[in-house]
**Q** 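Once you've had a glance at the structure underneath, I'll fire off some questions.
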Amino acid sequence: MQQTFKAADAANRLLAWYDRHHRDLPWRVSPPMARDGVVADPYHVWLSEVMLQQTTVQAVKPYFHRFLSLWPKVTDLAAADTEEVMKAWAGLGYYARARNLKKCAEAVAGNHQGVFPDTEEGLKALPGIGDYTAAAVAAIAFNRQSAVLDGNVERVVSRLHAIDTPLPTAKPQMRALVAKMTPADRPGDFAQGMMDLGATICTPKRPACALCPFNDICTALKTADPETFPRKAARKDKPLRVGAAFVASCPEGAVYLRKRVETGLLGGMTEVPGTAWTARIDGETSVEAQPFAAGWEPCGTITHVFTHFELRLSVYRANVANRNKSGNGWWEPLASLEEQALPTVMKKAIAQAIPHAFRGKRDRTREPRNT
DNA sequence: AACACGGGGTG
DNA sequence: CACCCAGTGTT
């Protein structure tokens, strides 16, 4: 495909748009300061970028503040108890990110004197930092002219150039186009501007092309339907898995919990006892899997959708007079349930058995997604 | 290159 | 409610 505009002009136009329409986010330095060469704290940038992997700004904000309040410096996070980090991450998903976050903090504290590497290459060598995050931190925190390519930017450039090659094959081509556009001056603001544009204007559905700074040079808008970009390979359908979960409570108002193995799905997180999650229920699996003998009674099912399968859990509940000591679990008071490292599916199971277990839901305010 | 890995947004 | 979104690590 051929270039129909000057990359440098496009960069200037994008920066001008960002100056007027950028969002104020807790981990950002505002454009006026950025123009004076001020850069954000690398620890803040890194923490926010890891949290923002596959996750919306709205979901990240409270977690970001909580982490900084608990661990103000990367060395604090390095010294933290991993279990406390998992608790603070609970609900954010993709829990390997939290394990790698901790490992990365330890590496920075232990091997780099508590100072983040200031190059893309140095950053990418750290746990949990891949192509995107290395480029983003290098550009935003260190003013490096790195080509930052996330899902938002992929959408913007694929439309700008009407790239017909599907993802992920087209990724190197897209990265080259972004590299060509990225300015030496304010590369971090350019990256954040491109991501903001993708998040607020060049959206997956019904993009607001009339408001876009590129609407006169966008090939997709001129020659095709922007909404059909980026092209991507057809995704496979999700299989259904089923299982059972056992929620035991006692008169003192506590629930029996245990810890999942460190690796794999929901690794290292807390759970209520249950069966394995299989394609279908075989025979008396549910009865055999009860963590201890009790008057288990069915109390409905819950459904939870993971990345690559859908889970239907039959929930059983029982009230036990004397706390069972068998197994490696523990009895957690209802009052402190919220502070546990409970993934959402486990909160659903507990809420199904004990409707009042979690009070006070998060408030939902509207805000554009992702940076 | 394909898969494993959560949770939340949109229409 | 059905569908869409999307970085890193592993294999």
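Hydrogens, waters and symmetry mates are skipped; everything else that's a heavy atom, side chains included, is used. Here is the naming used below: chain letters follow the sequence lines, and residue numbers restart at 1 for every chain.
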**Q** Donor-acceptor check, side chain of A:N111 to backbone of A:V108, threshold 3.5 angstrom: yes or no?
**A**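 No; judged by distance alone, with no hydrogens or angles, the pair does not exist.
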**Q** Which value, in whole Å, describes the distance between the C1' atoms of nucleotides C:dC5 and B:dC5?
**A**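 Straight-line distance between the two C1' atoms is 14 Å.
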**Q** Mind calculating the distance between CD (A:E227) and P (B:dT10) to the nearest angstrom?
**A**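 So the two atoms are 14 Å apart, to the nearest Å.
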**Q** When the P atoms of B:dG11 and C:dA6 are considered, how many whole Å apart are they?
**A**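 Rounded to whole Å, the distance is 14 Å.
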**Q** Taking only side-chain nitrogens and oxygens of A:T133, does any of them come within less than 4.0 Å of OP1 or OP2 of C:dT8?
**A**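 So the side chain of A:T133 is within the cut-off, an N or O lying under 4.0 Å from OP1 or OP2 of C:dT8.
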**Q** Whether the A:R97 and A:Q53 side chains hold a donor-acceptor pair (N or O, under 3.5 Å, no angle test) is what I'd like checked.
**A**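 Side-chain D/A pair, A:R97 to A:Q53: absent.
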**Q** Expressed in angstrom and rounded to an integer, what is the separation of A:K205 atom NZ from B:dG11 atom C1'?
**A**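 Going from A:K205 (NZ) to B:dG11 (C1'), I get 10 Å.
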**Q** Without hydrogens or angle criteria, can the side chains of A:Q340 and A:S336 be said to hold a donor-acceptor pair below 3.5 Å?
**A**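 No - no donor-acceptor pair under 3.5 Å links their side chains.
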**Q** Write down the distance between CD (A:Q58) and P (C:dC5), rounded to a whole number of angstrom.
**A**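 Spelled out: CD on A:Q58 to P on C:dC5 is 20 Å.
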**Q** Counting only side-chain heavy atoms from C-beta out, which of C:dG7, B:dG9, B:dG8 sits nearest to A:T344?
**A**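 It is B:dG8.
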**Q** Would the distance check show the side chain of A:R231 and the main-chain N or O of A:T228 forming a donor-acceptor pair, the cut-off being under 3.5 Å?
**A**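 Answer holds: yes.
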**Q** Rounded to whole Å, please give me the gap between CZ in A:R206 and P in B:dT10.
**A**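 A:R206 atom CZ is separated from B:dT10 atom P by 13 Å.
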**Q** Using OP1 and OP2 only, check whether a side-chain N or O of A:H308 sits under 4.0 Å from B:dC3.
**A**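 Looking at the OP1 and OP2 atoms of B:dC3, neither is under 4.0 Å from any side-chain N or O of A:H308.
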**Q** What's the closest nucleotide to the side chain of A:T55 if the choices are C:dA6, B:dG7, B:dG6?
**A**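 Of the candidates, B:dG6 comes closest.
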**Q** Output the single nucleotide from B:dG6, C:dT8, C:dA6 whose closest atom is nearest the side chain of A:N152.
**A**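 Selected nucleotide (nearest to the side chain): C:dA6.
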**Q** Can you tell me how far P in B:dG6 sits from the matching atom in C:dA2, rounded to whole Å?
**A**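 Roughly 23 Å separates the two P atoms.
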**Q** Could you check how far CG of A:D131 sits from C1' of C:dT8, rounded to whole Å?
**A**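 So the two atoms are 9 Å apart, to the nearest Å.
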**Q** Closer than 4.0 Å, any side-chain N/O of A:Y95 to the OP1 or OP2 of B:dG7?
**A**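 For A:Y95, the contact criterion (side-chain N or O under 4.0 Å from OP1 or OP2 of B:dG7) is met.
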**Q** How would you label the contact of A:G264 with the nucleic acid (heavy atoms, under 4.0 Å): base, sugar-phosphate, or nothing?
**A**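 Sugar-phosphate contact only - A:G264 comes under 4.0 Å of backbone atoms but never of a base.
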**Q** Checking side-chain polar atoms at under 3.5 Å, does A:T182 have a donor or acceptor matched by the opposite partner on A:Q145?
**A**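 Distance-only check fails for A:T182 and A:Q145.
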**Q** Hey, which of these two, A:H304 or A:T169, hits DNA chain B nearer its 5' end, going by closest nucleotide?
**A**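 Counting from the 5' end, the first nearest nucleotide belongs to A:T169.
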**Q** Does any pair with a residue in residues 136-145 of chain A pass salt bridge (Lys or Arg N to Asp or Glu O under 4.0 Å), and if so which ones, sequence neighbours excluded?
**A**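 Passing the test, one end in residues 136-145 of chain A: A:D118-A:R144.
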**Q** Tell me what A:V50 touches on the nucleic acid: a base, only sugar-phosphate, or nothing, going by heavy atoms under 4.0 Å.
**A**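 Touches nothing.
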**Q** Taking atom types as they are modelled, is there a donor-acceptor pair under 3.5 Å from the base of B:dG6 to the side chain of A:T307?
**A**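 By the distance-only test, yes, there is a pair.
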**Q** Does the side chain of A:R155 get closer than 4.0 angstrom to OP1 or OP2 of C:dA6 through an N or O atom?
**A**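 So the side-chain polar atoms of A:R155 do come within 4.0 Å of the phosphate oxygens OP1 or OP2 of C:dA6, strictly under.
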**Q** May I ask you to say what A:P168 touches in the nucleic acid, namely base, sugar-phosphate or nothing, with a heavy-atom cut-off under 4.0 Å?
**A**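 Answer is nothing: A:P168 stays at 4.0 Å or more from every strand.
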**Q** Just the rounded figure in Å: distance from C1' of C:dT8 to CD of A:E154.
**A**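 It is 14 Å, rounded to the nearest whole Å.
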**Q** Round to a whole Å and report the spacing from CG of A:L266 to P of B:dG6.
**A**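 Computing the A:L266:CG to B:dG6:P distance gives 5 Å.
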